[in-house]
Undergrad: 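Here it is, the structure in full.
Predicted, not measured: the structure shown is a model, and the values here were computed from it.
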Amino acid sequence: QQNGRYGVYYLNLENGETMGYKEDQPIVAASAIKIAYNTYLYERAAAGDFSLQDKMAYNAAGYVDGVTGGDYEGGTGNIQNSADGTEYTLQEVSHRSITISDNCGTNMVLRKLGGEDAVNNNFMKTISSVVDYRSKVEYTDYTGTATAGRRRTCALDLAKYAEHLYKDYTADETTYKPLIDDLCNTEYSWGVASGVPQDIAVAHKVGFRGNTFNDIAIVFGTENYVLSIMTESGSEQKAKEIMGE
């Protein structure tokens with residue numbers, strides 16, 4: 001497509017078939033990465049490291065990296081309006097992190113897991129790290145401008161995180177069903193979900209920041225599949241149209 005950078009990766013969960021288009025190019029991850037954070041939270045709970053019913057107190061100081069600083073981050077979500085010290089269960093902060101993409105809730109998840117570097121090293125890199133989320137990467141953006149930064153990923157990495165969750169879910173449906181249900185019931189209807197019939201369940205996590213609009217989805221269709229779409233362009237409307245198509 002002209003006037004944009006796009007990365008797409010398709011993975012058929014029934015037969016292993018894959019298709020990709022520039023699936024390894026780095027693009028700002030935005031909130032799509034929250035699918036990995038929350039999967040790891042559920043895995044740690046399943047391992048008995050803690051219970052999802054355990055409570056955490058919201059730290060209203062500004063977020064840094066999940067180790068130093070607090071939980072506060074503006075943008076999406078409503079935990080940011082809570083008083084310092086307000087308690088939430090881990091289940092609740094995860095639920096908000098997924099369904100309304102709550103940034104403060106996500107930061108509380110990260111704090112519980114030991115911070116961004118710990119989640120990256122202990123979980124994400126063990127699954128897929130074509131683009132290392134915590135390393136600074138240099139590339140040319142859709143306008144042809146040289147850019148660099150961290151918290152980038154690629155369509156292939158996101159697809160692998162979703163496949164990992166799907167495997168967790170099929171192995172232990174009872175434990176992971178709440179997370180799948182949350183992903184199927186987010187407040188965001190654009191992305192992959194906009195391009196499939198409404199009676200098909202789509203467990204997905206969108207992400208958007210600046211000129212980036214992404215979606216990582218598990219589609220429970222005739223054959224279940226993962227579809228990861230990352231876009232970087234000057235048009236939100238066009239990006240969303242392309243994703244639906």
Side-chain angles (χ1 to χ4, degrees), residues 1-11 18-40 63-66 73 75-76 97-98 101 103 106-107 109-110 113 115-165 188 190-192 204-218 225-236 238-245:
Q1 294 287 339
Q2 291 181 328
N3 305 320
R5 294 171 67 239
Y6 302 89
V8 180
Y9 195 74
Y10 162 86
L11 169 61
T18 64
M19 290 185 287
Y21 172 78
K22 297 187 176 179
E23 68 275 15
D24 58 353
Q25 68 175 342
I27 294 178
V28 172
S31 291
I33 204 70
K34 293 173 183 177
I35 194 172
Y37 298 165
N38 284 279
T39 299
Y40 187 41
Y63 177 78
V64 179
D65 59 9
E73 183 179 347
T76 51
S97 170
I98 293 297
S101 206
N103 289 331
T106 302
N107 295 342
V109 168
L110 287 168
L113 296 171
E116 288 183 49
D117 287 322
V119 174
N120 190 46
N121 292 331
N122 300 330
F123 182 70
M124 290 159 58
K125 287 172 82 169
T126 68
I127 299 166
S128 185
S129 188
V130 176
V131 177
D132 183 356
Y133 183 70
R134 294 294 290 154
S135 294
K136 186 177 181 179
V137 293
E138 298 180 355
Y139 57 98
T140 303
D141 73 8
Y142 78 101
T143 66
T145 304
T147 187
R150 298 193 300 171
R151 295 176 175 150
R152 270 63 173 177
T153 188
C154 66
L156 176 56
D157 288 338
L158 287 177
K160 288 295 184 179
Y161 303 147
E163 178 192 26
H164 188 88
L165 169 57
Y188 301 98
W190 55 271
V192 174
H204 74 124
K205 184 70 198 79
V206 303
F208 50 95
R209 181 171 298 229
N211 290 305
T212 298
F213 291 85
N214 307 322
D215 197 17
I216 173 60
I218 302 168
Y225 64 89
V226 166
L227 184 59
S228 174
I229 309 174
M230 304 191 75
T231 78
E232 180 195 273
S233 71
S235 170
E236 174 180 347
K238 190 63 180 174
K240 289 180 176 179
E241 287 176 2
I242 289 168
M243 295 167 87
E245 290 169 13

Undergrad: Treating N214 as the side-chain partner and S228 as the backbone partner, does any N or O pair qualify as donor plus acceptor under 3.5 Å?
TA: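 No: the side chain of N214 does not pair with the backbone of S228.
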
Undergrad: Can you tell if the side chain of V109 reaches within under 4.5 Å of the side chain of Y40, non-hydrogen atoms only?
TA: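 With C-beta onward as the side chain, the pair stays apart.
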
Undergrad: Between the side chain of S101 and the main-chain N/O of I98, is any donor-acceptor distance below 3.5 Å?
TA: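 It does not hold such a pair.
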
Undergrad: Which pair of heavy atoms, one from A217 and one from H204, lies closest together, and at what distance?
TA: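 The pair with the smallest heavy-atom distance is CB-CB, 3.6 Å.
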
Undergrad: Less than 3.5 Å apart, any donor N or O on the side chain of R5 or Y139 sitting next to an acceptor on the other?
TA: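 Checked: R5/Y139 side chains show no N/O donor-acceptor pair below 3.5 Å.
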
Undergrad: Mind checking whether L158 and E23 have side chains closer than 4.5 Å, heavy atoms only?
TA: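 Sidechains of E23 and L158: no contact.
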
Undergrad: So, S233 and T231: side-chain donor and acceptor under 3.5 Å apart, yes or no?
TA: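 No, no side-chain donor-acceptor contact under 3.5 Å.
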
Undergrad: If I compare all heavy atoms of I229 with all of M243, which pair ends up nearest, and what's the gap?
TA: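 Closest approach of I229 to M243: CD1-O, 3.6 Å.
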
Undergrad: So do the side chains of Y37 and T106 get within less than 4.5 Å of each other, counting heavy atoms only?
TA: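 Of all side-chain heavy-atom pairs linking T106 with Y37, at least one is under 4.5 Å.
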
Undergrad: Classify the angle between the aromatic ring planes of F213 and W190 as parallel (below 30°), tilted (30 to 60°) or perpendicular (above 60°).
TA: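 Rings of F213 and W190: perpendicular, as their planes differ by over 60°.
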
Undergrad: Start with the C-alpha gap between Y10 and Y225, add the side-chain angles, then the distance that decides, and say whether ring-ring contact (aromatic ring centres under 6.0 Å, His included) holds.
TA: CA-CA 7 Å; Y10 162 86; Y225 64 89; 5.5 Å; yes

Undergrad: For Y161 versus S128, what's the shortest heavy-atom pair and its separation?
TA: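 Shortest heavy-atom separation between Y161 and S128 comes out as OH-O, 2.8 Å.
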
